[in-house]
Amino acid sequence: MSLLRCEDLCMHYDSINAVCHVEFTVDEGDYLCVVGENGSGKSTLMKGLLGLLPPSHGRVSFWGLKQNEIGYLPQQTQVQKDFPASVYEVVLSGCRSRRGLRPFYTKKEHSRADEMLALLNITDLKRRSYRELSGGQQQRVLLARALCATEKLLLLDEPAAGLDPTATAELYQIIKDLNENRNVTVIMVSHDIKNAVEYGTKILHMATHVQFFGTTKDYIKTEAYARMIGGGKCV
Amino acid sequence: MFDALSAVFSYTFMARALAVGFLVSLCVALLGVCLVLKRYSMIGDGLSHVGFGALSVAMVLNVTTLAVSMPVVVLVAFWLLHLSESGKLKGDAAIALVSSSALAFGVIVTSLTGGMNADVHNYMFGSILAMSQGDVILSVILSLAVLLLFVVFYNDIFAVTFDEAFARATGMRVRLYNMLIALLTAVTIVVGMRMMGAMLMSSLIIFPALTAMRLFKSFRAVVLCAAISSLSCFFIGMLLSFFFSVPTGACIVAVSLCLFLLFSLFAKIKS
């Protein structure tokens, strides 16, 4: 069953055509990796999916979830690095869209935050300060916050940026487990082509337009993939 | 000691100053935490200088000072927010420009008209005598409104301050909340600068948050500690101001600095 579909999506960013006539579908249970070089429109496309930037043409449609129910894992900002917040405060803030107009969180939302902490094995960090955690632990906390918003669809923006190899491997394993065991649909924007083809079941290769969209199996046979891999080699 | 304290409270102007001062201290402490974390520490400085410019014009025109300065400061707060959001000017540069220009404007207006009289001096450095009965009522209403809005939107303000990108993605109208924070800050500054002084208002915003952040690690604890430290510094500062006849704002800043250094020392020992 489809979760979201982009139909002939075009988007402008700073009066540049950043995304041109993009069409693809994300089905339930997919693990879609969006790859491409810098300036290929990955980030703009992501903003379009989240509804942060309006399309200039075409549309994004959702089935079974609203646009503001996407579990989003943004890149970390400078502000967060020394922000005094407990892990629990951060995770609970993921329940924002469930709260609606009520000013305070209910018991139900508190227990959801607890559930997500347990799911990501970070219950023991609950009272710790977010800024004192390692990079990998911080990503787990943000992942728990994203899951508080929804368990249907996660949208991850370069989740492994700035992590050491061990933390990166751990994070990819967690995302894989969520996808396989909890049937969480994943869309991941990534520069890391090696891990994208290792974990992703589908690939969307962007170059302003769609260079390739299909299964990973088919993608690794294409010239686009060969170029991406070749581009990474030192000669 | 008790005799001295009861003497303090027997004066009507001190009772007024205490009532307004406690409320304003609470407001600046709560908003200060957001502003410091959003890297907007200097917004208080800019807005209080704009307030000073507006006050000097109001005095020349002989109209109610609050009626002129409130809308001007609120508008400038929105404008500063817009400038830094649109990326046309960097936030800190924009504030520095506005701040010094407004101060220069205020000084020119005062020296061309009456020169530096006692009123102008009070606005710049603060005075506990500055509050009239009408001022007190208006200040109390405005401060209570700021407190109420902060409490009601506490969770949203946390979400927006911690991560704007995520807040936007979950459907929050981030711009609206930023405007709310700017509005509350503008109102608090206009209400507080009469007593605390335009020159020193900004440090009252920054100190409680920074002091609390030395020792506390969760947002709620930082907010609570900032509020308590702001209230205590205000109270001690005001008593010093009364007994030594020194401007109120300066005394509160001096006490705040001591508390900040003390907390920094504790943090160092703890680590």
Side-chain angles (χ1 to χ4, degrees), chain A residues 14 43 46-47 49-53 66-106 109 126-133 141-142 145-146 148-150 153-155 157, chain B residues 32-41 84 86-88 91 148-178 180 208-226 263 267 270-271:
Chain A
D14 282 343
S43 307
M46 203 180 59
K47 283 186 183 139
L49 296 183
L50 290 167
L52 304 180
L53 209 64
K66 290 182 206 134
Q67 194 160 36
N68 65 11
E69 282 177 352
I70 298 177
Y72 177 42
L73 186 80
Q75 291 195 32
Q76 290 212 49
T77 61
Q78 202 54 42
V79 169
Q80 288 162 7
K81 298 229 163 87
D82 60 348
F83 199 101
S86 70
V87 165
Y88 191 65
E89 284 175 321
V90 174
V91 174
L92 188 64
S93 71
C95 294
R96 171 61 184 81
S97 53
R98 295 168 179 272
R99 183 156 56 83
L101 290 174
R102 270 182 288 118
F104 304 107
Y105 295 105
T106 59
E109 282 137 12
K126 190 173 165 178
R127 301 274 161 229
R128 289 272 301 275
S129 181
Y130 176 81
R131 63 181 170 184
E132 287 172 350
L133 304 180
V141 172
L142 296 185
R145 177 183 67 168
C148 274
T150 181
L153 176 63
L154 276 182
L155 182 59
D157 186 6
Chain B
V33 174
C34 300
L35 295 174
V36 167
L37 290 171
K38 281 173 100 60
R39 308 285 191 269
Y40 261 158
S41 302
S84 43
S86 62
K88 280 182 193 148
L148 184 74
L149 285 170
F150 190 91
V151 172
V152 169
F153 291 111
Y154 168 82
N155 283 313
D156 291 348
I157 288 174
F158 168 76
V160 168
T161 314
F162 181 71
D163 194 342
E164 278 198 13
F166 182 82
R168 253 194 214 109
T170 49
M172 281 179 72
R173 297 175 68 184
V174 170
R175 216 182 128 67
L176 210 64
Y177 284 99
N178 281 338
L180 176 74
L210 283 185
T211 304
M213 279 159 67
R214 293 299 104 190
L215 283 185
F216 292 95
K217 286 161 186 169
S218 80
F219 189 69
R220 181 181 291 184
V222 166
V223 167
L224 288 177
C225 171
F263 269 52
K270 223 175 134 189
S271 67

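Naming: A, B, ... by sequence-line order, numbering from 1 per chain.
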**Prompt:** Is a side-chain donor or acceptor of A:Gln80 paired with a backbone partner of B:Phe162 at a separation under 3.5 angstrom?
**Reply:** yes
**Prompt:** Which word best sums up how the rings of B:Phe219 and A:Phe83 line up, parallel for under 30°, tilted for 30 to 60°, or perpendicular for over 60°?
**Reply:** parallel
**Request:** Please examine the side chains of A:Ser93 and B:Phe158, heavy atoms only from C-beta on, and report whether any two atoms are closer than 4.5 Å.
**Result:** yes
**Prompt:** With a 4.5 Å limit on heavy-atom distance, are the side chains of A:Pro84 and B:Lys217 in contact?
**Reply:** no
**Request:** Name the region of B:Val33, side chain, backbone, both or neither, that has any atom closer than 4.5 Å to a heavy atom of chain A.
**Result:** neither
**Asked** Do you know which of A:Thr77, A:Thr150, A:Val90 has the most heavy-atom pairs with chain B at a distance under 4.5 angstrom?
**Response** A:Val90
**Asked** What option among A:Val79, A:Leu142, A:Leu50 has the most heavy-atom pairs under 4.5 Å with chain B?
**Response** A:Val79
**Item:** Most chain B-contacting option - heavy-atom pairs closer than 4.5 Å, from A:Ala149, A:Ala85, A:Gly94
**Value:** A:Ala85
**Asked** Hey, does A:Phe104 have a side-chain heavy atom less than 4.5 Å from the side chain of B:Val151?
**Response** yes
**Fill in**
Residue set satisfying salt bridge (Lys or Arg N to Asp or Glu O under 4.0 Å) with B:Arg168, at least two apart, ordered chain then number -> B:Glu164
**Message:** Going by ring-ring contact (aromatic ring centres under 6.0 Å, His included), name the residues that satisfy it together with B:Phe153, two or more places apart in sequence or in a different chain.
**Reply:** B:Tyr177
**Fill in**
Nearest heavy-atom contact between A:Ala146 and B:Phe166 is CA-CE1, 4.2 Å
**Asked** A:Arg131 versus chain B, heavy atoms under 4.5 Å apart: side chain, backbone, both or neither?
**Response** side chain
**Fill in**
So, the part of B:Tyr154 with a heavy atom under 4.5 Å from chain A: the answer is side chain
**Request:** Check whether any side-chain heavy atom of A:Tyr72 sits under 4.5 Å from a side-chain heavy atom of B:Thr170, and report yes or no.
**Result:** no
**Item:** Over all atoms of both residues, closest heavy-atom pair of B:Arg39 and A:Gln78
**Value:** NH2-O, 3.7 Å
**Message:** For A:Glu132, which atoms come within 4.5 Å of any heavy atom of chain B: side chain, backbone, both, or neither?
**Reply:** side chain
**Request:** Look up atom CG in B:Asn155 and atom CD in A:Glu109, then write down how far apart they are to the nearest 0.5 Å.
**Result:** 9.5 Å
**B:Val152 portion near chain A, given a 4.5 angstrom heavy-atom threshold** = both
**Fill in**
CD of A:Gln76 to CG of B:Asp163, rounded to nearest 0.5 Å, is 8.5 Å
**Asked** So which of A:Leu73, A:Leu155, A:Asp82, A:Leu92 has the biggest tally of heavy-atom pairs under 4.5 Å with chain B?
**Response** A:Asp82
**Asked** In terms of heavy-atom proximity below 4.5 Å to chain B, should A:Tyr88 be classed as side chain, backbone, both, or neither?
**Response** neither
